[in-house]
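The structure appears below as structure tokens.
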Amino acid sequence: MIAIEELYKNYGPKKALNGISLTVERGELFAYLGPNGAGKSTTIRILTGLTRMTSGRASLGGFDIETQVTLAKHQFGVVQQYVNLDQELTVFENLDIHGRLFGMSKRARRKKVDTLLAYIEMEDRADTLVKSLSGGLKRRVTIARALLHEPGILFLDEPTVGLDAAIRRRIWALIKKIQQQGTTIFLTTHHIEEAEFLAQRVAFLDNGRIVALDTPEHLMESVGHWAVDQFAGSEMTTSYFKTRQKANTFKAEGEFTLRRVNLEDAFLSLIGRKVQS
Ligand code: ADP
């Protein structure tokens with residue numbers, strides 16, 4: 001559904017994207033994970049037509065984003081990092097305007113808005129002014145808006161940024177539900193847990209390059225299965241082991257914590273620093 005070949009983006013001397021190539025299969029949830037400044041938003045901005053690439057090729061649903069712009073634009077919905085709803089309008093009005101932009105009839109819009117409000121469990125909020133909604137509810141409205149014209153691809157740029165842990169989990173459940181309906185999802189995040197929980201495959205991005213791309217399981221296995229954290233003053237060092245037995249033998253020698261390897265460990269070992277510093 002998404003194909004990117006040798007994508008470069010320069011901002012003056014800055015190489016924001018330095019040769020990105022990847023494909024995302026139909027129905028897949030693909031996470032694009034990297035620290036701030038890695039190039040995540042730039043990739044989404046290019047794919048969604050907000051900025052031009054310096055060189056490379058990309059297609060959405062088989063349509064080239066530079067030579068088949070209109071067809072490519074109908075393939076996706078996008079949820080930007082920051083809520084960009086009209087705060088002075090109601091939930092219904094915000095969704096309705098978006099449907100009009102896509103040329104949907106009044107009847108089709110009403111039907112689709114009702115369905116989506118039920119889908120995001122906000123049927124009772126249709127006439128509420130957006131400015132009076134909480135951050136989590138606003139995020140749900142932006143997701144519903146992105147789905148209004150029934151796109152095959154949904155781009156989510158840091159969908160849970162600024163939300164607390166409980167609300168974040170509700171958004172995760174909604175994202176899973178959308179994928180289960182067959183939508184292909186391209187998610188950018190610097191929340192490692194989000195990628196580990198949601199994605200079938202994860203790309204680790206650093207300085208505009210893909211450093212690793214695989215399933216979360218394979219990325220974690222490349223490090224080991226068990227981790228032993230050792231604390232000395234304010235410093236922590238971590239050692240990785242294939243088996244629990246080996247980790248336990250090592251642990252027996254001092255003050256350590258034993259735990260399962262997570263995706264943060266894989267990122268740290270491959271990139272040499274944490275995603276969130
Ligand atoms: P991320 O989304 O991973 O945090 P971005 O894609 O926003 O990263 O940015 C990648 C790099 O490109 C950063 O070094 C950033 O400073 C730079 N950059 C992004 N947008 C612009 C811009 N409009 N002008 C100049 N530099 C930019």
Side-chain angles (χ1 to χ4, degrees), residues 2-24 28-60 65-66 69 72-73 76-84 135 138-139 142-143 146 153-163 168 171-172 175 184-214 216 219 262-277:
I2 304 174
I4 304 176
E5 276 173 61
E6 288 292 300
L7 191 62
Y8 287 83
K9 174 69 182 178
N10 301 338
Y11 287 110
K14 171 83 199 167
K15 285 185 162 45
L17 296 181
N18 203 356
I20 300 284
S21 299
L22 62 89
T23 56
V24 180
E28 188 177 20
L29 199 154
F30 187 90
Y32 205 49
L33 184 81
N36 284 333
K40 303 183 296 296
S41 291
T42 300
T43 306
I44 287 205
R45 289 176 61 79
I46 292 171
L47 293 174
T48 59
L50 290 177
T51 189
R52 298 285 301 270
M53 61 177 85
T54 302
S55 65
R57 282 188 65 174
S59 64
L60 301 173
I65 65 165
E66 295 222 303
V69 181
K73 280 201 169 165
F76 68 82
V78 57
V79 177
Q80 307 284 357
Q81 196 164 333
Y82 296 101
V83 170
N84 54 354
K138 282 181 187 165
R139 199 59 57 97
T142 60
I143 293 174
I153 303 168
L154 181 64
F155 288 106
L156 296 170
D157 194 1
E158 301 272 3
T160 61
V161 75
L163 301 179
R168 182 179 301 151
I171 299 286
W172 289 357
I175 294 172
T184 305
I185 300 181
F186 188 93
L187 163 85
T188 77
T189 185
H190 64 279
H191 277 294
I192 205 117
E193 238 196 307
E194 188 157 291
E196 191 175 329
F197 183 75
L198 289 172
Q200 270 85 61
R201 285 190 307 147
V202 179
F204 286 166
L205 193 71
D206 194 32
N207 285 323
R209 284 178 197 274
I210 292 178
V211 182
L213 195 167
D214 212 327
L219 289 166
N262 59 35
L263 201 55
E264 178 87 59
D265 295 306
F267 193 90
L268 194 60
S269 331
L270 286 159
I271 297 192
R273 58 195 159 85
K274 293 196 162 206
V275 182
Q276 288 163 285
S277 45

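Atoms considered below: every heavy atom in the structure, side chains included; atoms not considered: hydrogens, waters and symmetry mates. Just so you know, ligand 1 is whichever comes first in the structure, and atom 1 is the first atom listed for that ligand.
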- Item | Trace of the side-chain contact (heavy atoms from CB on, under 4.5 Å) decision for Glu196 with Glu264 | CA-CA 9 Å; Glu196 191 175 329; Glu264 178 87 59; over 6 Å; no
- Query: Taking all atoms of both residues into account, what is the closest heavy-atom pair of Pro216 and Gln200, and its distance?
  - Reply: CD-O, 3.3 Å
- Glu66/Arg52 salt bridge by N-O under 4.0 Å criterion: yes
- Leu198 side, atom CG; Thr189 side, atom OG1 - distance, nearest 0.5 Å: 8.5 Å
- Message: With a cutoff of 4.0 Å, is Pro35 in contact with ligand 1, counting heavy atoms of the residue only?
- Response: yes
- Message: side-chain contact (heavy atoms from CB on, under 4.5 Å), that's the test. Do Leu270 and Leu219 meet it? Break it down for me.
- Response: CA-CA 9 Å; Leu270 286 159; Leu219 289 166; 4.3 Å; yes
Under a 4.0 angstrom heavy-atom cut-off, which atoms of ligand 1 come close to [X]?
X	result
Thr42	5 (P), 6 (O), 9 (O), 10 (C)
Ala38	1 (P), 3 (O), 8 (O)
Ser41	1 (P), 2 (O), 6 (O), 7 (O)
Asn36	4 (O)

- Item | Option passing side chain to side chain contact (heavy atoms under 4.5 Å, CB included) with Phe76 (candidates Leu60, Ile2, Leu154) | Leu60
- side chain to side chain contact (heavy atoms under 4.5 Å, CB included) partner of Ile46, chosen from Leu50, Thr43, Thr48, Thr42: Thr42
[atom] - nearest protein heavy atom and its distance:
atom	answer
atom 12 (O) of ligand 1	Ala16 CB, 3.3 Å
atom 14 (O) of ligand 1	Lys14 CE, 3.0 Å
atom 8 (O) of ligand 1	Gly39 N, 3.2 Å
atom 19 (C) of ligand 1	Tyr11 CE1, 3.5 Å

- Assess whether side-chain contact (heavy atoms from CB on, under 4.5 Å) is satisfied between Ile175 and Glu194, documenting all intermediate values. CA-CA 11 Å; Ile175 294 172; Glu194 188 157 291; 5.8 Å; no
- Is atom 16 (O) of ligand 1 close to the protein, meaning a heavy atom under 4.0 Å from it? no
- Query: Applying a 4.0 Å heavy-atom criterion (strictly less than), which segment of His190 is in contact with ligand 1: side chain, backbone, both, or neither?
  - Reply: neither
- Under 3.5 Å between some N or O of ligand 1 and some N or O of Gly37? yes
